[in-house]
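Some notes on the structure that comes next.
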Number of protein chains: 4
Amino acid sequence: MMNRVVLVGRLTKDPDLRYTPSGVAVATFTLAVNRAFTNQQGDREADFINCVVWRRPAENVANFLKKGSLAGVDGRVQTRSYDNQEGKRVYVTEVNAESVQFLEPKNATSSQSGGNYSGNQGNQDYRGNQGNYGNQGNNFGQNQPQEKNQNNQNYSRVDKDPFSNDGQPIDISDDDLPF
Amino acid sequence: MMNRVVLVGRLTKDPDLRYTPSGVAVATFTLAVNRAFTNQQGDREADFINCVVWRRPAENVANFLKKGSLAGVDGRVQTRSYDNQEGKRVYVTEVNAESVQFLEPKNATSSQSGGNYSGNQGNQDYRGNQGNYGNQGNNFGQNQPQEKNQNNQNYSRVDKDPFSNDGQPIDISDDDLPF
Amino acid sequence: MMNRVVLVGRLTKDPDLRYTPSGVAVATFTLAVNRAFTNQQGDREADFINCVVWRRPAENVANFLKKGSLAGVDGRVQTRSYDNQEGKRVYVTEVNAESVQFLEPKNATSSQSGGNYSGNQGNQDYRGNQGNYGNQGNNFGQNQPQEKNQNNQNYSRVDKDPFSNDGQPIDISDDDLPF
Amino acid sequence: MMNRVVLVGRLTKDPDLRYTPSGVAVATFTLAVNRAFTNQQGDREADFINCVVWRRPAENVANFLKKGSLAGVDGRVQTRSYDNQEGKRVYVTEVNAESVQFLEPKNATSSQSGGNYSGNQGNQDYRGNQGNYGNQGNNFGQNQPQEKNQNNQNYSRVDKDPFSNDGQPIDISDDDLPF
DNA sequence: TTTT
DNA sequence: TTTT
């Protein structure tokens, strides 16, 4: 089967970075993607699309993107469900970002060249360099200049729905890792 | 901004065709898209992605696809929200299918060549050339052979969330048309 | 069948705008898209992808993009062939851009909000609603501030291969219109 | 930058499988993708898009696809150039297939469930299982039933342009590996 | 014939 | 050099 999404939009808020109990980074953010057309009232709407990104690119996203950043996402549409606090099954559709592209030019946040935070399709892995997957051809590892002040939390258990992180952390474990 | 999705999967149920008060066709269906990889337990999961399609292609979908049909979708990710019966705001992410491709070969349902039901990607054009929009190079208008028996309803008001059509039709009007 | 391409990259040169004998605008440009990974020598390469765009969006491209501009393209891969001056058949693969997104932020060339030049994705609609096709929700018609100085030619016959416009205009007629 | 292509079409010929001097599998094939719309003469054309796929998925393609097979490709547009026999530089645009999806249902060639030959974004690689990358969740490794009779060649040097394999093998070495 |  |  096939499943591919490409988005370009702006972060509605700073990304949210967390770690699974076993230490895997997960970042979530919402992209506002303005529609190309206007509605019947003549105004342009936007779609607000929830995105998840894992591991190294998650950390890059947390470090280099913030509210308002222009970013591109290449990934897959994913669905999951969980039982909310009222015991009702909730269905969630979101985008699993395999790579996130920073499109804020030269000036913004920090990166001097427009970074590419590629995710789990990592080519160089084939040559055996375990450990820095997702770090494809950019040098974020070496020089991470002036990182954003980040209030990223380190839960031992994080909210099942990373977008509604209303405090009570629940039950996303490593089982939710997409690999 | 950019927003593009391509999916290939199978319908989880027969598509649901409805009409807005002003007579515009809307079909909804869910595509099961098997993932290319297995989870930690070693089994292959699927994503269940809700899709909406409008106008002529909606009718083609209703006529030529059914539960289990293999179909391709080219469209956009869209989000909307509505207030449910408990007065709580519900956020929905779904795929607006601009074109739907029938991938069931020769034999199945009916179409002899694999039809392409192209949708509303030329949005502003729709007002005024009623009748052959979306009918791009296929001949579904002329020969719709052995249509599926269809129980499609014709509400004057349809459910705000077309995927949870639990009977009580609410408040989707022409305002929900994406053009 | 399905055919979808999404690209983000930079123009290698100013776009080239021409007109068919019947007055239809065609712009061509090449996008340099840097690869996410490095080659065996450790350096990052780029793909140089030829793009074609028709009608109103063609004019927008010519007016608002220039060498080095960051742009997004949503379109289809297309192939054609022609006989070159030695009578040899030449096969060409390029991207037909249905919409072009200007991603140069606020400052650059002109546009204040990042325009979206949507193209010919509603093909059959074009006959008859001349004039505002492709102008989806942006206001380029009204305010085209400080247009680039443009040396766009108006051939009565343009080169069959718009990317090798080596002077001798040949044989692209309206037959090459993708609709 | 971003670069994503999704195609569904039919193979115009049996795929061509070769090996680089160092033993890496490369398959090439051309997808005929029918256009959704008709040209001015009213007939439906097709695009003939050259595709390349590497390693394990290359072998799967060679084993399970043949002329006429319906297949989906998820990959990137790539460009390269080489000097032909007349010493003239030739520019090539093709699709690097990261994953290839077999869409021929139940009956055809062999596979009983519609295989997914995923390419070099292989998730399970992250856990260290070198050697069977690209084999994502399908079981082609174990049961490759009734393989097609294949005349696949094993050049020590293969043609620089894998699509014009006119006999004289030239100069594609491991340098052409996209990783 | 390539962009930052 | 094109597929159903």
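All chains are named by letter (A, B, ...) in the order of the sequence lines, taking the proteins before the strands, and each is independently numbered beginning at 1.
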For atom [atom1] of [X] and atom [atom2] of [N], their distance in whole Å:
| X | N | atom1 | atom2 | value |
| --- | --- | --- | --- | --- |
| Asp43(C) | dT2(E) | CG | P | 16 Å |
| Leu103(D) | dT3(F) | CG | C1' | 14 Å |
| Arg89(D) | dT1(E) | CZ | P | 7 Å |
| Arg44(C) | dT2(E) | CZ | P | 19 Å |
| Leu31(C) | dT4(E) | CG | P | 13 Å |
| Arg10(C) | dT4(E) | CZ | C1' | 5 Å |
| Leu11(D) | dT4(F) | CG | P | 10 Å |
| Phe29(C) | dT2(E) | CZ | C1' | 14 Å |

Which nucleotide, [options], lies nearest any side-chain atom of [X]?
| X | options | value |
| --- | --- | --- |
| Asn34(D) | dT2(E), dT4(F), dT3(E) | dT4(F) |
| Thr12(D) | dT2(E), dT2(F), dT1(F) | dT2(F) |
| Phe48(C) | dT2(E), dT3(F), dT2(F) | dT2(E) |

Taking atom types as modelled and ignoring hydrogens, do the side chains of Ser99(B) and Asp74(B) form a donor-acceptor contact shorter than 3.5 angstrom?
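Short answer, no.
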
Any side-chain donor near an acceptor of the partner, Asp43(D) and Thr38(D), under 3.5 Å
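Thr38(D) and Asp43(D) do not have a side-chain donor-acceptor pair below 3.5 Å.
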
I'd like to know if Asp47(C) and Arg80(D) make a salt bridge, using a cut-off of under 4.0 Å between side-chain N and carboxylate O.
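Not counted as a salt bridge, because no side-chain N and carboxylate O are separated by less than 4.0 Å.
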
Using a heavy-atom cut-off of under 4.0 Å over every strand shown, decide if Gly9(C) touches base, sugar-phosphate, or nothing.
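It contacts nothing in the nucleic acid.
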
Enter the distance from Thr12(C):OG1 to Ile49(C):CD1 here, rounded to the nearest 0.5 Å.
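Thr12(C) atom OG1 to Ile49(C) atom CD1 measures 11.0 Å (nearest 0.5 Å).
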
